[in-house]
**Q** 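Here you go, one structure.
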Amino acid sequence: MAFWKPGTEKPSFVEDEEGGIVLMSNNLSSSSSSSYGYANIEKQRQRLPVYKYRTEILYLVENHATTIIVGETGSGKTTQIPQFLKEAGWAEGGRVIACTQPRRLAVQSVSARVAEEMGVNLGDEVGYTIRFEDHTTSGVTSVKFLTDGVLIREMMEDPLLTKYSVIMVDEAHERSISTDILLGLLKKIQRRRPELRLIISSATIEAKAMFNFFNTSKNRQAPEGSTQGPKLEPAILSVEGRGFSVKIHYVEEPVSDYIRSVVSTILLINEREPPGDVLVFLTGQDDIETSIKLLAEEAHSNQKNSSGLLPLPLYSGLSRAEQELIFTPTPRGKRKVILSTNIAETSLTLEGVVYVIDSGFSKQKFYNPISDIESLVVAPISKASARQRSGRAGRVRPGKCYRLYTEDYFLKQMPGEGIPEMQRSNLVSTVIQLKALGIDNILGFDWPSPPSPQAMIRALEVLYSLQILDDDAKLTSPTGFQVAELPLDPMISKMILASNELGCSDEIITIAAVLSIQSVWVIARGVQKEQDEAKLRFAAAEGDHITFLNVYKGFLESKKSSQWCYKNFLNYQSMKKVVEIRDQLKRIARRLGITLKSCEGDIDAVRKAVTAGFFANACRLEPHSNGVFKTIRGSEEVYIHPSSVLFRVNPKWVVYQSIVSTERQYMRNVVTINPSWLTEAAPHFYQNRQNNMSL
DNA sequence: TGGGGATTT
């Protein structure tokens with residue numbers, strides 16, 4: 001096979017006027033296939049658009065420290081580029097080629113595909129690592145897929161990631177917190193390891209930002225004309241996708257009720273358009289259920305328009321079985337209508353979709369560093385999201401996308417790209433990860449998109465109050481270093497450390513595992529009463545944390561039965577995850593010198609340990625107020641979440657794990673405390689609060 | 001006094 005090797009004639013490029021390198025995309029010769037087995041797979045590989053760019057990609061990677069690949073979906077970049085690199089010798093001498101993904105599922109499926117294409121067993125030459133699953137063989141695995149979170153963890157053992165020769169960061173345009181941290185760290189590593197090559201794969205819209213971020217050629221002078229090391233200026237290469245065209249329809253006038261508009265658009269499609277499934281993007285479960293109800297009513301009153309419609313909800317909270325309904329083939333004469341949250345935008349790919357309806361909204365997290373509260377609000381999506389959504393209609397054949405906003409709005413008002421998650425989040429976990437990697441100057445860290453100084457200062461302040469950071473904002477010893485080892489929110493980690501002294505680490509590690517997943521309960525709309533009754537079987541007067549202990553105990557006694565979970569409105573997948581996380585925490589705790597010890601029913605010890613982690617989230621019931629609480633820290637008005645076992649109970653003093661902010665601010669996972677424990681757990685915080693708050 | 005967009009270590 002022909003690919004570029006140093007010293008041979010190089011392929012032709014043009015220099016972009018702004019400094020990047022852009023490839024002439026026409027007249028590229030595709031190389032002939034080898035006659036080595038796997039003829040079918042080899043043919044499939046060659047049909048991928050990225051295959052034509054093989055020579056060019058290898059040339060750019062050879063000559064540039066950073067190569068930005070702009071690849072549409074279906075270009076084949078994720079599966080092919082690591083193979084090109086391997087074939088070109090980047091894995092020789094025991095070196096490893098890494099490819100990161102934001103999601104676990106993508107890591108698993110992509111690595112399985114690549115192992116198949118290479119004709120090797122997954123876990124040998126091609127392997128993958130995600131939390132709880134390491135399918136690699138040291139010294140053998142040379143192409144490794146992993147989540148970006150795992151790669152950040154690996155830096156704690158090997159800060160320069162010395163075993164990797166090339167690191168490809170896939171889906172960088174999604175701008176998740178982990179990806180952004182990783183990009184910042186990789187830029188730092190590049191300075192110390194000029195031989196390391198980075199490949200950043202991004203959508204068009206973010207490519208320029210990535211170029212600017214990695215363009216260090218202005219700051220550092222590479223000797224002109226020297227053959228030493230790669231060019232510091234990134235290269236940009238565009239690879240076309242393999243999607244079909246999607247015709248975009250806009251509404252002529254702004255829509256006042258997008259749910260009604262969704263329903264009428266579905267009926268219109270069903271009446272006028274040839275067969276093909278419909279994918280609708282809505283904001284959340286509420287919207288989805290309302291739309292399904294309206295469709296059902298429509299079917300009742302108007303059989304002609306809605307005949308053959310098969311509405312299916314899709315969001316992450318659904319059980320495995322409910323989600324699988326989406327993937328069953330559409331029965332003949334039927335038309336699936338999948339009503340989805342933005343889970344279908346990136347995380348799930350649905351085959352058979354020909355029509356997309358885009359409400360123009362999604363729920364997004366925002367963070368207020370003043371109140372230290374994250375809230376989830378319905379907000380307009382970005383152009384980048386709108387394009388991603390419409391692209392979902394062109395996977396099997398040319399499709400149509402109905403945007404429920406005007407073209408004028410799209411062109412003139414819709415923001416180009418979303419706000420990176422980093423700028424919409426509480427940063428305590430981010431800060432602790434960087435501190436653990438020895439990065440002292442958090443405020444001066446070179447981020448792809450820096451968060452606000454207020455948010456960073458708030459995170460430093462919280463970590464200081466937890467005695468994880470000292471006066472110089474360095475990790476304390478041993479607390480800070482121990483917290484950094486635990487893959488948890490620092491408040492949960494602090495709770496675990498406290499449990500060692502309080503003699504209840506066995507119980508607290510269970511609670512920590514439950515608090516670190518979304519929820520153990522299934523979402524049971526329409527059967528709330530039954531679920532509330534089921535919850536009462538586990539409910540503890542002290543609150544949710546103690547209730548979780550009862551749930552876990554019941555799960556073990558049932559021999560981890562899925563039937564038992566179903567009967568008790570518990571999410572079986574979540575419970576299995578709790579067991580897994582608990583095992584991991586147990587191992588790490590042992591390494592930190594924490595021995596598993598049960599308090600044998602001494603619930604006060606457990607609540608004190610919780611308080612030691614979550615003292616900053618203390619609240620007092622307002623007298624005669626019917627359930628209004630005030631936070632001690634900021635006097636914010638908050639309520640107990642209806643999912644809590646303490647809902648309507650309203651004890652006088654509580655600490656909460658987190659706040660969900662909808663119409664009201666609701667505390668999730670609440671436990672009763674004795675206020676004297678607050679000063680015991682955090683005298684520095686409660687006796688000298690004025691000083692602390694102005695850190 | 002009634003409710004969790006999506007990820008991940």
**Q** Taking any heavy-atom pair under 4.0 Å as a contact, classify A:I130: base, sugar-phosphate, or nothing.
**A** sugar-phosphate
**Q** Go nucleotide by nucleotide along DNA chain B from the 5' end; which of A:P642 and A:G284 gets its closest nucleotide reached first?
**A** A:P642
**Q** With sequence neighbours excluded, what pairs up with A:E421 under the salt bridge (Lys or Arg N to Asp or Glu O under 4.0 Å) test?
**A** A:K365
**Q** Give one of base, sugar-phosphate or nothing for A:S176, where a contact means two heavy atoms less than 4.0 Å apart.
**A** nothing
**Q** Quick one: label A:R104 by what it contacts on the DNA or RNA (base, sugar-phosphate, nothing), any heavy atom closer than 4.0 Å.
**A** sugar-phosphate
**Q** For A:R395 and A:T349, which I'm curious about, is there any donor-acceptor pair between the side chains at under 3.5 Å?
**A** no
**Q** Quick check for you: to the nearest 0.5 Å, what is the distance between A:L348 atom CG and A:R392 atom CZ?
**A** 8.5 Å
**Q** Check every strand shown and say whether A:E174 touches a base, only sugar-phosphate, or nothing at a heavy-atom separation below 4.0 Å.
**A** nothing
**Q** So what does A:D532 hit on the nucleic acid, given a heavy-atom distance under 4.0 Å: a base, only sugar-phosphate, or nothing?
**A** base
**Q** Just how far is it from atom OG1 of A:T79 to atom CG of A:D170, taken to the nearest 0.5 Å?
**A** 10.0 Å
**Q** Kindly label the base of B:dG4 as syn or anti, based on whether its glycosidic torsion lies within 90° of 0.
**A** syn
**Q** Base, sugar-phosphate or nothing for A:E421? Non-hydrogen atoms, less than 4.0 Å.
**A** base
**Q** Determine the contact category for A:T147: base if any of its heavy atoms lies under 4.0 Å from a base atom, sugar-phosphate if only primed atoms, P, OP1 or OP2 are that close, otherwise nothing.
**A** sugar-phosphate
**Q** Would you say the side chains of A:D544 and A:S644 form a donor-acceptor pair under 3.5 Å?
**A** yes
**Q** Mind checking A:S362 for me? I need base, sugar-phosphate or nothing, with any heavy atom below 4.0 Å counting as a touch.
**A** nothing
**Q** Would you please say whether a donor-acceptor pair under 3.5 Å links the side chains of A:Y128 and A:Q101?
**A** no
**Q** Does A:L376 reach a base, just sugar-phosphate, or nothing at all? Heavy atoms under 4.0 Å.
**A** base
**Q** At the 4.0 Å heavy-atom cut-off to chain A, mark where contacts on DNA chain B begin and end, going 5' to 3'.
**A** B:dT1 to B:dT9
**Q** Are A:T129 and A:D134 close enough that a side-chain donor and a side-chain acceptor fall under 3.5 Å?
**A** yes
**Q** What does A:R131 touch in the nucleic acid at a heavy-atom separation under 4.0 angstrom: a base, only the sugar-phosphate, or nothing?
**A** base
**Q** For A:Q364, which contact category applies under a 4.0 Å heavy-atom criterion: base, sugar-phosphate, or nothing?
**A** nothing
**Q** For A:T129 and for A:K365, locate the closest nucleotide of DNA chain B by heavy-atom distance; then report the residue assigned to the nucleotide nearer the 5' terminus.
**A** A:K365
